[in-house]
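The sequence lines fix the lettering, A, B, ..., with proteins before strands; numbering per chain opens at 1.
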2 protein chains.
Amino acid sequence: MRSPDELVALFRENGRKVTPQRECIFHLLHNNRTHPTAESIHAEVVKRMPSVSLKTVYQTLHELEDMGEISGLDLGTGSVRFDPNQSVHHHLVCTNCHTVGDIYLEIDSLQLASKVLQGFEVGNAEVTFRGLCSDCKRLGNLI
Amino acid sequence: MRSPDELVALFRENGRKVTPQRECIFHLLHNNRTHPTAESIHAEVVKRMPSVSLKTVYQTLHELEDMGEISGLDLGTGSVRFDPNQSVHHHLVCTNCHTVGDIYLEIDSLQLASKVLQGFEVGNAEVTFRGLCSDCKRLGNLI
DNA sequence: CAGTTAGATAACAATTCCTGTAAGTTAAGC
DNA sequence: GCTTAACTTACAGGAATTGTTATCTAACTG
Ligand SMILES: [Mn+2]
Ligand SMILES: [Mn+2]
Ligand SMILES: [Zn+2]
Ligand SMILES: [Zn+2]
């Protein structure tokens with residue numbers, strides 16, 4: 001995702017309006033590696049601007065997604081995780097606490113023989129590893 | 001997933017009751033490669049037994065899942081897909097029509113160097129390919 | 001720099017997918 | 001056949017997300 005300043009310029013170029021609500025969301029997403037949900041972003045926004053609605057947060061996140069600035073990830077944790085990290089990477093999902101981590105993989109074997117694809121045209125491949133994050137693993141060992 | 005007859009025996013062994021509703025669901029799942037939703041199973045069930053509730057379908061599917069006979073897959077299509085195919089495989093998801101296909105992969109490179117895992121303990125890896133199924137690709141070319 | 005207006009916001013209702021509750025029904029064991 | 005735990009159904013409820021609409025405001029206009 002671009003910097004908040006670049007996003008402000010980009011929004012204006014696209015005929016979108018720049019509001020304080022949106023600028024706040026831009027800042028909260030910048031360099032954010034927590035894979036936040038719309039709810040968690042909203043919780044941070046209202047600390048600064050108490051009247052902002054969850055709908056506004058969803059709308060801004062979806063606009064950023066449509067612009068290719070962030071990705072919405074359905075990782076099976078119950079709600080969509082938003083990811084401003086646009087480099088090619090995959091995810092580690094803790095089945096206990098639902099923390100999401102990044103993992104950078106070179107997966108040559110995902111260059112698939114077309115015969116196994118039966119005419120399916122692959123756009124992208126997502127690899128999701130499920131297991132225990134280091135914190136949950138440590139706690140699990142203590143019990 | 002086992003055959004309907006084997007499931008009947010297994011349910012009785014486990015102290016679960018075998019009802020006509022459940023037997024109907026067993027038959028609908030047997031050799032089913034469509035990755036049905038609870039709703040789509042329910043739609044088939046009510047053709048045969050009109051009074052069966054969606055709750056009963058969900059309950060039976062979850063029991064089969066708990067018993068390891070089927071898997072519930074969250075592939076980002078909006079509702080859980082149930083899969084009686086218990087062999088190790090991955091999925092092709094059509095971003096247009098939400099059809100789900102199977103793909104069998106040998107992924108040696110998913111034997112990961114522990115350094116990239118940062119202490120994360122991997123239970124399993126799921127690979128999801130998103131793109132266009134052959135039908136949607138053909139239609140797309142016509143437009 | 002006030003006026004105009006397309007677009008954004010906030011409040012609230014609605015939707016989708018799924019789960020909880022409670023009252024009636026039935027399979028399985030005796 | 002009787003008992004009873006398990007199952008089924010109808011219906012309400014919940015979580016995440018989206019639709020509606022009246023109000024508001026950023027950005028343009030003169
Ligand atoms: Mn990520
Ligand atoms: Mn499958
Ligand atoms: Zn964890
Ligand atoms: Zn398709």
Side-chain angles (χ1 to χ4, degrees), chain A residues 4-5 7-26 28 35-43 45-67 70-82 98 100, chain B residues 4-5 7-26 28 35-46 48-67 70-82 98 100:
Chain A
D5 285 353
L7 288 177
V8 166
L10 190 63
F11 265 56
R12 292 209 169 107
E13 280 169 32
N14 293 5
R16 300 176 198 268
K17 290 181 178 172
V18 176
T19 63
Q21 292 92 332
R22 289 177 170 199
E23 285 198 85
C24 180
I25 293 167
F26 297 167
L28 288 169
H35 305 86
T37 62
E39 287 276 4
S40 74
I41 290 285
H42 182 244
V45 171
V46 295
K47 287 182 187 171
R48 294 157 178 77
M49 304 177 65
S51 77
V52 175
S53 73
L54 183 57
K55 179 74 196 287
T56 295
V57 173
Y58 270 109
Q59 190 157 297
T60 303
L61 291 171
H62 286 317
E63 279 180 282
L64 288 166
E65 192 179 2
D66 291 344
M67 294 163 72
I70 64 177
S71 306
L73 310 172
D74 184 342
L75 298 169
T77 55
S79 41
V80 174
R81 314 296 288 243
F82 292 91
H98 292 170
V100 176
Chain B
D5 284 353
L7 288 177
V8 166
L10 190 64
F11 265 55
R12 292 211 169 105
E13 279 169 33
N14 293 5
R16 301 177 197 268
K17 291 182 177 171
V18 175
T19 62
Q21 292 91 335
R22 290 178 167 198
E23 285 198 85
C24 180
I25 294 167
F26 298 166
L28 288 169
H35 305 86
T37 63
E39 287 274 4
S40 73
I41 290 285
H42 181 245
E44 289 300 315
V45 171
V46 296
R48 295 158 178 75
M49 305 176 66
S51 76
V52 175
S53 73
L54 183 57
K55 179 75 195 288
T56 295
V57 173
Y58 270 110
Q59 190 156 299
T60 303
L61 291 170
H62 286 318
E63 279 179 281
L64 288 167
E65 192 179 3
D66 292 344
M67 294 162 71
I70 65 177
S71 305
L73 309 172
D74 183 343
L75 297 169
T77 55
S79 41
V80 175
R81 314 296 288 244
F82 292 90
H98 292 170
V100 176

When you compare the side chain of [Y] with that of [X], does any pair of heavy atoms fall below 4.5 Å?
{"X": "B/F26", "Y": "B/D5", "value": "no"}
{"X": "B/V80", "Y": "B/L73", "value": "no"}
{"X": "A/F11", "Y": "A/M67", "value": "yes"}
{"X": "A/I25", "Y": "A/V52", "value": "no"}
{"X": "B/M49", "Y": "B/C24", "value": "yes"}

At under 4.0 Å between heavy atoms, what does [X] touch on the DNA or RNA strands: base, sugar-phosphate, or nothing?
{"X": "A/L54", "value": "base"}
{"X": "A/T19", "value": "sugar-phosphate"}
{"X": "A/Q59", "value": "base"}
{"X": "B/T37", "value": "nothing"}
{"X": "A/S79", "value": "sugar-phosphate"}
{"X": "B/H62", "value": "sugar-phosphate"}
{"X": "B/E39", "value": "nothing"}

*Can you name the closest pair of heavy atoms from A/H42 and A/V57 and give their distance?*
CD2-CG2, 3.8 Å
*Atom of B/G72, atom of B/E65 and distance for their closest heavy-atom approach*: N-OE2, 3.4 Å
_Just to verify, what does B/T37 make a side-chain contact (heavy atoms from CB on, under 4.5 Å) with, not counting sequence neighbours?_
B/E39, B/S40, B/S79, B/R81
_Does A/T56 form a side-chain contact (heavy atoms from CB on, under 4.5 Å) with A/V45? I'd like the steps, not just the answer._
CA-CA 10 Å; A/T56 295; A/V45 171; over 6 Å; no
_Please compare B/V18 and B/T77 by the position of their nearest nucleotide in DNA chain C and report the one closer to 5'._
B/T77
*Please find the earliest and latest nucleotides of DNA chain C, in the 5' to 3' direction, that have an atom within less than 4.0 Å of any heavy atom of chain B.*
C/dC17 to C/dA28
*Walk along DNA chain D from 5' to 3' and tell me the first and last nucleotide with an atom closer than 4.0 Å to a non-hydrogen atom of chain B.*
D/dA5 to D/dA10
